[in-house]
Each structure stands twice: as C-alpha cells, then as structure tokens.
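This report refers to the structure that appears directly beneath it.
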Amino acid sequence: MAAARPAPPSPRLFAELEARLADLDALPRGLWLGGLTNSQGTVEPRLRQLLALRLALIEGVLPSADDWRWPDGQIAHPLRAIIERLSLVSYLVDQGGLVDTVLQSLLFHLDFIVDYQDRGATPERALQMALEAFEADWQDRRSEIDELINVFGSLPDDGKNTRWDHMRGLLRSAGWQEVMRIRKLIERLPELSRLIRSLGRARPTDDLDTGRLRSTPTMMPATALRTRTRTVHVPHLPGETRGVERSDRIARMLPIESTLLGHRKLRLIWHARRAERTLLTYEDDDRMEEVVTEEAPVWLPDPAPQPEKRQEMGPMLICVDTSGSMQGGAEAVAKATVLEAVRHAHAQKRDCHVFAFGGPDEVVEMRLSVDTDGIERITRFLGQAFRGGTDICGPIGRCIDKVSEQEWELADLLLATDGEFGATAELAARLDEAKKTRGLRVQGVLIGDRETIGLLEIADDIFWVRDWRRYGASDADSPVHSKSLTSIYFPGALRTPENRDSTRTGSDASAALRAGERNRVPRKDPKS
C-alpha cells in the first residue's frame, strides 16, 4: 500500500508583506481604504492606531495623545483636544458604527492637509484648516445626534451609516420641526406614555389584570366544620373490669378485703385501709368516646373567575383616526400617541405597525422603525394635516388579520380617535371572536368629549384625554364632566346582551301595531 502523500507547503511568497497589514483583519471594511491611502504617516502605524482608537472609543475611553502612534504629536494633541471638547466619547460608547463614522471623518479631513498646502497654505495653516473643518463637521453632527436622541431616546438603528447628508436634510425640513413640537407635547401627557409602555402580551408581570378573568377554578383557603371522635375519662363510670387497683370504693372491693371485717382486731386494719384508700378493688374501664365538632382550615375550589397576571411588551398595532373632526388639539394628541409608540418600540426593540385611517379605502399602513427611512416616514406622517372621513371597519379588519400572523400574535391594538364612528355588528362580532381566541386587547385613547357606542363596543378600556383642546389653538377645558355620557343617559343604546334580548324586530313591531297590540309586541326569537 502506497504511503499518503504529504500536503504541499502553503505558499509564503507574500506572507512577510501581508503580515504588515494584519491589522486590516480586525478593522471594519469601511476603514480599509482610508487607512491604506491616507497622506499622513505610514501604513503600519496608521492601521495599528486606528484599531486601538476604535476599540478604546467603543469602551468610552479616549487615549492620551502621547500614546498615539499615528498621526504625529503635532496633529494628535489638537485632534484629541477637539474630540474631548465636543464630548464625542459620550456618544460613542457601544456604538461601533458611529465610531467608524468618526474615524472615517478623521481620515477624510487629515487627508486634505496636503491639498491645502498645494493651494498655497503653509503647513501650519493647512493643519489648522483641516482640524477646523473636522471640528465644524462634528459640531453640526453632534447637534443632529442630540435632536435624534431627544426625540427617540437613543440613536437611530442605522446611525452608523454614511447617510448623514440625507439625515441632515431631513432634520432641517418643516416636517421635522413638527416632530420636535409633538415631542414636547408628549411630555405633558405622562399617563399616556405609561399606557403605551404597558401594551403587548409577550411577558407576564407581577400585577393582576382585573379586566381579564379566567374561568379555570382555583383552590382557595377556607374554614370548615369538621367532626371527630375523642376519648373522655369519666371517674367511677361503670364499665368493663380492666384490672385491680387500690381505692376506697366498697362496691368494687375484692372479696378478700371483706374477710377482714369479720375479725374483731383485723377490722381496724380494714378501716385504716379504707381511710387511706388502699383497699384492693376492681378497676373499671371508665372511659367513653364522644363526637365533637370543631373548625379546621381546608382548601376549597373557588368557582369565581380569577384575574390573570397583566401582560406587557411585545409588538404594537396603532390605529390613528385621521378624519377631519380630529383637526386641532385632537390631531396633535393623536400624532403624539404615534410618536410615543415609536419611541417605546425603538427603546425596547419592539415592532410597531401604524394604520392611519380616514374614509372608506383610506387606510395607510406604516411599519415604523427608527432608521433613516423610518424617520422620513414618521416626519412625513406627522407633518400632514388630518382631513379624511371615518371608516373604522377597514383598519380594524386589517388589525384582526395582522394578529393572525405569527409575528404579531402577541400584539395589542391601540386606537387613538375622537370616537366619532360606528362599528357594525359584524365587525364587533369578529373583534369579539379575536379577543376570545387570540387574546387580543384593544386600548382606546379617547381624544374627544364623550364615548360613542362604536368606541364602547370595540375598546376593552378607554383612556380619556380630557384636556385635548389645550394642545391646539384653544385653551378651553372640556365642557362635560364625564366621558360616559352615553352609558349614563342612553343605557339602552348600548349593544349589550340584555338589550339584544329585549329588542324587537321591525316586522314584529309592525305586525303588533297593525293588530292593535301596542303593549304586547312579541319578543325577538334569539335563534332568529
């Protein structure tokens, strides 16, 4: 059998040359070109320093300029002073993408030093011009980053990328100014912010949800009467002879003791024994059993439905009413609801899908994320005016379809509206079925003066923004004391099971009237 042939030696013709560039393997590809071709310094120290700077900045550390291997101290010291003066390090912690953007910008501006010299600037002036350009560039970007963090709580998901020019144009648009105004508005609605944060059903909390009851019986501690048998000692109780004892009982005295009484001297001994209760007598079993009743702790099944643990987190579905009746303060609150939902979704890594609905077939769907494209969609939506009609069936139907998808099955629905709509019986029945089978919860945000039948039939709970007018041009308070005017003054108008059972059909009522039976209108057959 022939011996296995040894593996051919690995080619090492360029190994020594490639070893100089070994730091490239640890650098992101976006830094390769600038690291290899920059006009300042040589390749090896530059690559090594870029890698060291990148790792240090991600950890939130700005190394001393004396430790920099690149660029030379004449550039490194003022450059480090600029980074420190701009407080850039505080933005770069755990932001590898943004660190890469800073290093790319640094390479870009330092590479311009030779160009400035070619244009006639002295070496000192050329260096000064490059450093000033770098500082001015990041002074503007830092302001933009501050605005983004102020609105969304943290940097966008693609803050690392190089689309700053596009982002810069977006942040200077009129729509972004509206976003900033809406952001300040939400600070006046802390309760609405907490409500949005509690949406979702992905994680149970320690709190109980009194609005959701489960029918599974549970065992509850209780007290019940219990009977038991116990043995009681009854002195001198006649019973079975158990043995012999010493006592003064003459009736149970042994016969041998009576022989003492017949002797004239020994009878004194008998009397002495009796006085001392030492006569030999039969011992009776003087115990008896009795039945007693006493209280005892027991566990009993509780047939009443018990509240479940409140759920939170998970994706969110937001339905926003963009009808013409929402103009003014209601429109501002509705936009604030959307922006706050996006903020929480971005901070907690949750998905957020928005349905902006108006009249029939006027439903705009947006999956809002905090990246450049998502911010553009948010800015466009918040910058437009609400002028549509009101058709709740289309967006609610789309939400029900959405919950049937695996990605959204743990989502809650938030409905921001003034309530000026009516839900059809078919939509209400379909929504009830989704609540029963899929656990869907509908949280209403009422941005109006009163609940309507349509909103009451859809929402499981309603949060009332009573002072919605103050967020528009008016400073007036709500003219009503309660949002529940419908249930207070028109309880029969609600589509409750009792009202359904007591409702007569039109044909039955007409037939009764024709027959002159005004007070004997037959009830509607519940099976019909």
Side-chain angles (χ1 to χ4, degrees), residues 194-195 198 200-261 269-314 410 412 432-433 435-443 460-462 484 487-488 491 494 496-502 526:
R194 285 195 292 271
L195 183 147
S198 66
R201 293 171 283 121
R203 186 180 66 187
T205 65
D206 295 333
D207 302 330
L208 296 179
D209 186 356
T210 56
R212 301 179 69 85
L213 304 177
R214 64 179 178 186
S215 58
T216 304
T218 57
M219 303 300 288
M220 298 290 292
T223 302
L225 295 177
R226 185 176 61 183
T227 60
R228 68 179 181 91
T229 303
R230 67 178 181 181
T231 301
V232 181
H233 176 71
V234 182
H236 308 311
L237 177 69
E240 181 181 356
T241 299
R242 189 169 60 185
V244 178
E245 63 177 352
R246 292 186 180 277
S247 71
D248 61 345
R249 297 177 61 191
I250 299 176
R252 303 294 291 165
M253 183 177 65
L254 267 61
I256 192 142
E257 295 286 358
S258 61
T259 59
L260 297 178
L261 291 174
I269 296 175
W270 184 89
H271 284 289
R273 287 182 177 178
R274 184 187 179 192
E276 294 173 351
R277 297 183 178 181
T278 58
L279 293 174
L280 292 174
T281 60
Y282 293 109
E283 181 186 6
D284 294 323
D285 187 7
D286 52 357
R287 296 171 298 178
M288 64 172 295
E289 293 184 347
E290 66 174 1
V291 177
V292 295
T293 304
E294 59 186 8
E295 293 184 346
V298 295
W299 288 88
L300 298 176
D302 185 2
Q306 301 297 317
E308 296 180 347
K309 286 192 173 181
R310 189 175 63 81
Q311 308 283 325
E312 66 176 11
M313 299 295 285
L410 297 179
D412 276 347
D432 287 342
E433 182 65 19
K435 292 178 181 178
K436 292 177 183 177
T437 59
R438 302 188 179 279
L440 175 65
R441 297 184 304 189
V442 181
Q443 172 66 55
D460 297 311
D461 189 24
I462 296 176
S484 305
S487 58
I488 294 175
L494 300 179
T496 62
E498 294 76 14
N499 290 340
R500 290 194 185 98
D501 294 340
S502 60

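All values below were derived from every heavy atom in this structure, side-chain atoms included, with hydrogens, water molecules and symmetry-related copies excluded. Sequential numbering from 1 along the given sequence is applied to the chain's residues. If you're wondering where the values come from, they're calculated on a predicted model, not measured in any experiment.
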(request) Using the side-chain contact (heavy atoms from CB on, under 4.5 Å) rule, pick out the option among Met313, Gln443, Arg201 that qualifies with Asp412. (result) Arg201

(request) With rounding to the nearest 0.5 Å, note down the distance linking OG1 in Thr241 to CG in Asp285. (result) 9.5 Å

(message) Rounded to the nearest 0.5 Å, what separates atom CZ in Arg287 from atom CD in Glu240?
(response) 10.0 Å

(message) Would Asp284 and Arg249 count as a side chain to side chain contact (heavy atoms under 4.5 Å, CB included) here? Give the steps.
(response) CA-CA 11 Å; Asp284 294 323; Arg249 297 177 61 191; 3.3 Å; yes

(request) Considering non-hydrogen atoms only, spot the tightest contact between Leu410 and Ala202 and give its length. (result) CD1-CA, 3.9 Å

(request) Measure across Glu257 and Leu280 and return the closest heavy-atom pair with its distance rounded to 0.1 Å. (result) OE2-N, 3.1 Å

(message) In the structure I gave you, are the side-chain heavy atoms of Val298 and Arg226 within less than 4.5 Å of one another anywhere?
(response) no

(request) Could you grab the distance from atom CZ of Arg274 to atom CG of Leu260, nearest 0.5 Å is fine? (result) 14.0 Å

(message) Once salt bridge (Lys or Arg N to Asp or Glu O under 4.0 Å) is applied, do any residues pair with Glu294, and if so which ones, sequence neighbours excluded?
(response) Arg228

(request) Could you pull out the closest heavy-atom pair between Asp460 and Leu440, with the gap in Å? (result) OD2-O, 4.0 Å

(message) My understanding is that only residues two or more places apart in sequence, or in another chain, count here; which of them pass side-chain contact (heavy atoms from CB on, under 4.5 Å) with Thr223?
(response) Glu295

(request) Working to the nearest 0.5 Å, report the span between CD1 of Ile250 and OG1 of Thr281. (result) 11.0 Å

(message) Looking at every heavy atom in both Tyr282 and Met253, which two are closest together, and how far apart are they?
(response) CE1-O, 4.3 Å

(message) For a 4.5 angstrom cut-off between non-hydrogen side-chain atoms, does Asp461 reach Arg441?
(response) no

(request) Look up atom CG in Asp432 and atom OG1 in Thr437, then write down how far apart they are to the nearest 0.5 Å. (result) 10.5 Å

(request) Working to the nearest 0.5 Å, report the span between CZ of Arg230 and CE of Met288. (result) 10.5 Å

